[in-house]
2 protein chains.
Amino acid sequence: MLSKKAKYAMLALVHLAKHQDDGPVLISKIAEEEHIPQKFLEAILLDLKKDGTLASKKGKGGGYYLIKSPDEVNMADVMRLFDGAIALLPCVTYKYYERCEECKDEETCSIRETFMKVRNQTVEILKACTLTQLMKSEG
Amino acid sequence: MLSKKAKYAMLALVHLAKHQDDGPVLISKIAEEEHIPQKFLEAILLDLKKDGTLASKKGKGGGYYLIKSPDEVNMADVMRLFDGAIALLPCVTYKYYERCEECKDEETCSIRETFMKVRNQTVEILKACTLTQLMKSEG
DNA sequence: ATAAACTCTATCTACTTAGTAGAGTAAAGA
DNA sequence: TCTTTACTCTACTAAGTAGATAGAGTTTAT
């Protein structure tokens, strides 16, 4: 399952993408409209800032805004940022690779191939899901 | 990520499928050969028995054995049994459906469609991965 | 100066995962 | 029938994570 963090991040990003021309958006505004606990959202937006997806302005008239192009921001990256690996087995991940301790021989591991397929398909779908796409499909 | 339980279950099932003609297999034998903690494996096999996939015989000459045909047993069902829903969002699961509390309107939820696709693809791949397939690919 | 708004550190509760311990029950075979 | 083998059941525990909340600190516009 996707964590709440990742899900809230996605909703917040869509919100910010939609208001990209309105200047900085208040955390409180996003929290209210997207039904996200504000304090929790603060931490999430901070992570997205450190990641280079968002920027912020302090003080009056401040808030958060998108600094990447909406078609550069995809759900695979967001999920990796908050939930770590997308793959279902540590031995088929790209960025978070770990050998399975109980695995006799990785080359002949019976289930590995299937979970490799699952990962590839999932990443493909999530990569294609950019903020641009999300804005379109929401109308 | 797949839980250890689900992963161990899959490995144990492949083991049992391979030895289907040898009569009951000891828990201790499976535990040793597949590198699974024995006590942990006991609980797993019991779950698979309650589920109707395995049966067991007590006493001398006892052990566990497969009672379903190897091509009836697929990894989607195993994963659901041990880890619950396959989908990444509660609102796109079939068996474990739950509305997302923060969701304004499910029909226009921006990310829902993508995660529906991910689920469908994943289930398709995992359904196709039966014990028969696994035995073949392992050679 | 002061109010607005983001930033940082610390803390908390409930839940889940992975695993262990040990007593109980059933069946086979001498 | 006694003993050994082997599955079954209940309870427990340690460690980690998710999903927050509280409050003080810092920066900036006016």
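Each chain gets a letter, A, B and so on, in the order its sequence line appears, and its residues count up from 1. All of these numbers come straight from a predicted model, not from anything done at the bench.
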Most 5' of K60(B) and L45(B) on DNA chain D, judged by nearest nucleotide: K60(B)
Sugar-phosphate, base or nothing in reach of I27(B), heavy atoms under 4.0 Å: sugar-phosphate
Listed nucleotide nearest any side-chain atom of F40(B), set dT7(C), dA18(C), dG19(D): dA18(C)
Interatomic distance where OH belongs to Y65(A) and P belongs to dA5(C) [whole Å]: 15 Å
Touch class at under 4.0 angstrom, heavy-atom based, for L26(B) against every strand present: sugar-phosphate
Under-4.0 Å side-chain N/O to phosphate OP1/OP2 contact, K49(A) with dT7(C): yes
Nearest-Å distance for atom pair CD1/C1', residues I36(B) and dT20(C): 17 Å
Residue whose nearest DNA chain C nucleotide is more 5′ - Q38(A) or K57(B): Q38(A)
Nearest listed nucleotide, side chain of K39(B), among dC9(D), dG22(C), dA27(C): dG22(C)
Residue closer to the 5' end of DNA chain C, F82(B) versus K58(B) (nearest nucleotide): F82(B)
Protein-nucleotide distance (D83(A), atom CG; dT16(C), atom P), rounded to Å: 17 Å
Minimum-distance nucleotide to K50(A) side chain [options: dC8(C), dG29(C), dG19(D)]: dC8(C)
Earlier contact from the 5' end, DNA chain D, for G61(A) and E42(B): E42(B)
Rounded distance (Å) that lies between atom C1' of dA20(D) and atom NZ of K7(A): 15 Å
Distance, rounded to the nearest Å, where H35(A) contributes NE2 and dG19(D) contributes C1': 18 Å
Polar side chain donor-acceptor pair, D83(B) to S3(B), under 3.5 angstrom: yes
Side chain proximity check, K7(A) to C100(B), heavy atoms < 4.5 angstrom: yes
Distance below 4.0 Å between S56(A) side-chain N/O and dA5(C) OP1 or OP2: no
Side chain of P37(B) (C-beta onward), nearest among dA4(C), dA27(C), dG19(C): dG19(C)
Audit row: K39(A), E42(A), salt bridge (charged side-chain N to carboxylate O under 4.0 Å, His left out) steps and yes/no: CA-CA 5 Å; K39(A) 278 301 211 175; E42(A) 287 179 11; 3.5 Å; yes
Short side-chain to backbone donor-acceptor contact, H19(B) and H15(B), under 3.5 Å: yes
NZ/NE/NH1/NH2 to OD/OE distance under 4.0 Å, E113(B) and K117(B): no
Sugar-phosphate only, base, or nothing, as touched by K29(B) at under 4.0 Å among non-hydrogen atoms: nothing
Closest to the L46(A) side chain, choosing from dA28(C), dT8(D), dT7(C): dT7(C)
N or O in side chain of Y64(B) less than 4.0 angstrom from dA6(D) OP1/OP2: no
Co-membership, hydrophobic cluster, residues L88(B) and M116(B), 4.5 Å side-chain: yes
Protein-nucleotide distance (D47(A), atom CG; dC8(C), atom C1'), rounded to Å: 12 Å
Nearest-angstrom distance from the residue atom CG of L41(A) to C1' of dA22(D): 17 Å
Nucleotide dT16(C), atom P - distance to CG of L2(B) in whole Å: 18 Å
